[in-house]
Amino acid sequence: QVQLVESGGGLVQAGGSLRLSCAVSGRSFSGYVMAWFRQAPGKEREFVAGIRWIHMSTVYADSAKGRFTISRDNAKNTVALQMNSLKPEDTAVYFCAARPLVVTIDPNTYNYWGQGTQVTVSS
């Protein structure tokens with residue numbers, strides 16, 4: 001059974017940092033893209049960042065550029081999202097997701113999802 005399990009969420013003040021982690025088990029994600037999405041109350045799920053297996057190339061949403069860094073450890077089957085300079089508008093449930101080969105921003109194209117971790121940024 002494939003499982004993606006996020007951790008690292010919490011409450012932080014504006015300007016602070018958090019590091020989210022996603023541990024993958026149940027299968028190899030060789031060749032897969034790993035990505036982070038987020039969903040705020042009353043809003044659609046939106047792409048935050050993605051990283052390919054090959055060359056570790058990355059893609060970021062404009063809202064994440066310069067503040068967030070996605071990384072992965074293929075040997076350990078983990079992916080992380082380092083979030084700096086957090087803003088209240090970053091408050092959301094953050095999800096880890098996986099799909100084959102290429103990064104897309106459409107959540108409907110991702111095959112595997114974690115249960116999410118809450119990030120709350122206070123002003």
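- A donor and an acceptor atom, one from each side chain of Thr104 and Thr109, are located under 3.5 Å apart.
- Nearest heavy atoms, Gly114 versus Glu6: CA-OE2, 3.2 Å.
- Checked against the 6.0 Å centroid criterion, the rings of Trp113 and Phe37 qualify as a close aromatic pair.
- When ring centroids are compared, Phe95 and Tyr110 stay outside the 6.0 Å threshold.
- When all heavy atoms of Leu81 and Trp36 are compared, the closest pair comes out as CB-NE1, 3.6 Å.
- Donor-acceptor pairing under 3.5 Å is recorded for the side chains of Ser17 and Asn84.
- The shortest non-hydrogen separation linking Arg27 to Asn77 is O-ND2, 3.4 Å.
- Applying the side-chain contact (heavy atoms from CB on, under 4.5 Å) criterion to Lys43, with sequence neighbours excluded, gives Ala40.
- Applying the side-chain contact (heavy atoms from CB on, under 4.5 Å) criterion to Glu46, with sequence neighbours excluded, gives Arg38.
- Annotation: side-chain contact (heavy atoms from CB on, under 4.5 Å) contacts of Ser57 (sequence neighbours excluded): Arg52.
- Taking both residues in full, the closest heavy atoms of Arg67 and Ser85 are given as NH1-O, 3.0 Å, listed atom of the first, atom of the second, then distance.
- Its side chain within the 4.5 Å cluster rule, Leu101 clusters with Val102 among the Ile, Leu, Val, Met, Phe, Trp and Tyr residues.
- Residues satisfying the ring-ring contact (aromatic ring centres under 6.0 Å, His included) test with Phe29, not counting sequence neighbours, are Tyr32, Tyr112.
- For Trp53, there are no ring-ring contact (aromatic ring centres under 6.0 Å, His included) partners two or more places apart in sequence or in a different chain.
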